[in-house]
Amino acid sequence: MTIDIGAGKLLAQEPTCPRDADGRPRVFVEGSGAYLTDPDGRRWVDFDNARGSVILGHGDEEVAEAIARAARGRSGVGTAWSPMLDSLLGQLQEVCGGDVVGLYRTGTAALRSVTCAVRDARDRSIVLSSGYHGYDPMWHCDEPFTPNQHGIVEFLFDLDVLAEWLSRPEQVAAVVISPDHMHLGERWYTEFTRLTKEADVPVIADEVKVGLRYRAGLSTPLLDPAVWIVAKCLANGSPVAAVGGDAHLLAALEDVSFTSYFEPTAMAAATTTLRRMATGEPQQAIRAAGDRFIAHTRAAFAGAGVPIDLAGNGNLFQFVCADDEVADAFHAASAAEGLLFFEGDNQTPSAAFTDEVVEDACGRIDRVAAALSGRFTDRELTEESWYASAWGAMDGLADRPRTREETTAIVERLWED
């Protein structure tokens, strides 16, 4: 079945969503657990899950029932404060910490607000940044390592560049990073924390993508951020983001509100989802299922001589392909088997990945490996492969040994991506 997407009707002509080989958005008419159904009735295993937002699985019964009660006006109203809001704020403070917490509709909006608030509180103009921070043009830099018109300096997770800027701490309001646990290890976070603490510059952790996905709380205690933002794993796909941290740094946000602040269905989804995420059980289930899939896939590719490896662990992982041609062939073969992957980026299984789902997915990946077998025997994974994969997932440089000259050369190759 062909669906008319209606080109020209959207201001956002290229919305982020799965696409076919011709670049057209894929269409799905139903979701249940770990599966999506397309208009032809074909079932796909969903590793995308709205870029990681649908953490419990599609159509989760408990979340759906909570939303339905709220939509019928039985869990507060959009007009005013409700006990559900008190519950959500208390849950957030207990799980993520902070003197104060607050709510937004998107992680992008939340991050802009807290960054501006911290810059005002510190009365300094420069913000050092690494990682993807959403659709806001504020973060767009024409070149790395140099301030843009908004005072943002993109240091691309390079600790040498960070150290150079932190040698002038009187200019720096904050360091904003989106943590990555596929291409950055404990050594990187330890050194990052040492540098920022010695310079006495606060860290803003943009945990929109990874917050709550790995554990019942922020993804890495090593950061010790002054301010945090979480969103994607907070409400099983409903539009809720949260911020928290140092009350002095966030003082400028005391009057922040918006028309839908008390909207009950979004808060119902968040309180229900967060209650379960706070136990740590969904994260453990995802890790076990994802690790099983990764081990099976790695063995299947090795046995078939396919030059693809995987970075990360079961909570969040990425395919590392030898080159673009291998990646294109892999995604075409995966689509043919009904495996929905976030192309060129991270894969985010949900808690709906039961043993049966994993077995199904492993069977499909075996057929993908068979389809690619013998096609790329002249290719192999290189340092360039790993850097390109990291760039696609984290908009920055993997933590791998390199000189400053090599850093410059790698950035020149990848910057225009």
Side-chain angles (χ1 to χ4, degrees), residues 7-17 19 23 25 50-53 102-158 161-162 165 171-180 201-211 225 227-232 239-243 249-250 252-253 255-260 342-346 390-397 411-412 414-417:
K9 296 179 182 178
L10 286 176
L11 176 62
Q13 289 298 300
E14 296 293 331
T16 301
C17 63
R19 295 175 179 273
R51 275 62 65 203
S53 297
L103 300 179
Y104 286 80
R105 279 291 168 266
T106 70
T108 302
L111 181 60
R112 169 181 269 272
S113 287
V114 300
T115 302
C116 292
V118 172
R119 185 150 51 187
D120 287 349
R122 298 261 298 163
D123 194 24
R124 297 173 189 180
S125 59
I126 297 296
V127 174
L128 309 180
S129 165
S130 278
Y132 177 68
H133 301 312
Y135 50 79
D136 196 318
M138 170 181 180
W139 304 103
H140 177 75
C141 294
D142 291 326
E143 57 183 305
F145 314 150
T146 302
N148 69 6
Q149 62 180 324
H150 303 288
I152 306 298
V153 176
E154 177 57 73
F155 69 94
L156 298 172
F157 294 101
D158 189 274
V161 175
L162 175 67
W165 273 98
Q171 299 180 25
V172 181
V175 182
V176 182
I177 67 163
S178 297
D180 177 273
V201 173
V203 172
I204 301 173
D206 175 4
E207 296 229 353
V208 166
K209 179 170 72 172
V210 298
V227 175
W228 51 262
I229 303 100
V230 296
K232 285 191 180 294
V240 183
V243 307
L249 293 176
L250 298 178
L253 305 183
D255 295 328
V256 168
S257 185
F258 41 88
T259 303
S260 61
F342 188 2
E343 295 191 17
D345 213 306
N346 47 246
W391 194 273
M394 59 190 273
D395 288 351
L397 299 171
V411 172
E412 287 178 352
L414 295 173
W415 180 254
E416 295 304 323
D417 184 357

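For Thr146 (side chain) and Glu143 (main-chain N/O), no donor-acceptor pair under 3.5 Å exists by modelled atom type. Ser129 places no side-chain N or O within donor-acceptor distance of the main-chain N or O of Ile152, the cut-off being under 3.5 Å.
Residue Phe155 comes nearest to Phe145 through the heavy atom pair O-CE2, 3.7 Å, listed as atom of the first residue, atom of the second, then distance. Closest of all the heavy-atom pairs between Cys116 and Met138 is SG-CE, 4.5 Å. Between Arg124 and Arg119, the shortest heavy-atom contact is O-CG, 2.8 Å. The shortest heavy-atom contact between Gly107 and Ile229 is O-CG2, 4.3 Å. The nearest pair of heavy atoms linking Ala242 to Trp228 is O-CZ3, 3.6 Å. Shortest non-hydrogen contact noted between Phe157 and Leu397 is CB-O, 3.8 Å.
Looking at Thr16 and Tyr135, their side chains never come closer than 4.5 Å, going by heavy atoms from C-beta outward. The closest side-chain heavy-atom distance from Val114 to Leu250 is below 4.5 Å. Val118 is not listed as a side-chain neighbour of Val127, based on a closest heavy-atom distance of 4.5 Å or more. Put simply, the side chain of Asn148 does not reach to within 4.5 Å of the side chain of Asp142, judged on heavy atoms. Put simply, the side chain of Pro179 reaches to within 4.5 Å of the side chain of Glu207, judged on heavy atoms. Within the 4.5 Å cutoff, the side chain of Trp165 has no heavy atoms near those of the Val201 side chain.
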Using the side chain to side chain contact (heavy atoms under 4.5 Å, CB included) rule, take Leu249 and Arg122 through it: C-alpha gap first, then chi angles, then the decisive distance, then the call.
-> CA-CA 8 Å; Leu249 293 176; Arg122 298 261 298 163; 4.1 Å; yes

Show the numbers, then the answer: is there a side chain to side chain contact (heavy atoms under 4.5 Å, CB included) between Val208 and Leu111?
-> CA-CA 9 Å; Val208 166; Leu111 181 60; 5.9 Å; no

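The NZ atom of Lys209 sits 6.0 Å away from atom CG of Asp180, with the distance rounded to the nearest 0.5 Å. Taken to the nearest 0.5 Å, the CG atom of Leu162 stands 11.5 Å off from the CG atom of Leu156. Within the model, atoms OG of Ser257 and OH of Tyr104 stand 10.0 Å from one another, a figure rounded to the nearest 0.5 Å. Atoms NE2 and CD, from His133 and Glu154 in turn, are 6.5 Å apart once rounded to the nearest 0.5 Å. With rounding to the nearest 0.5 Å, the separation of OG1 in Thr115 from NE2 in His150 is 12.0 Å. If you take CZ on Arg112 and CG on Asp136, they are separated by 4.0 Å, rounding to the nearest 0.5 Å.
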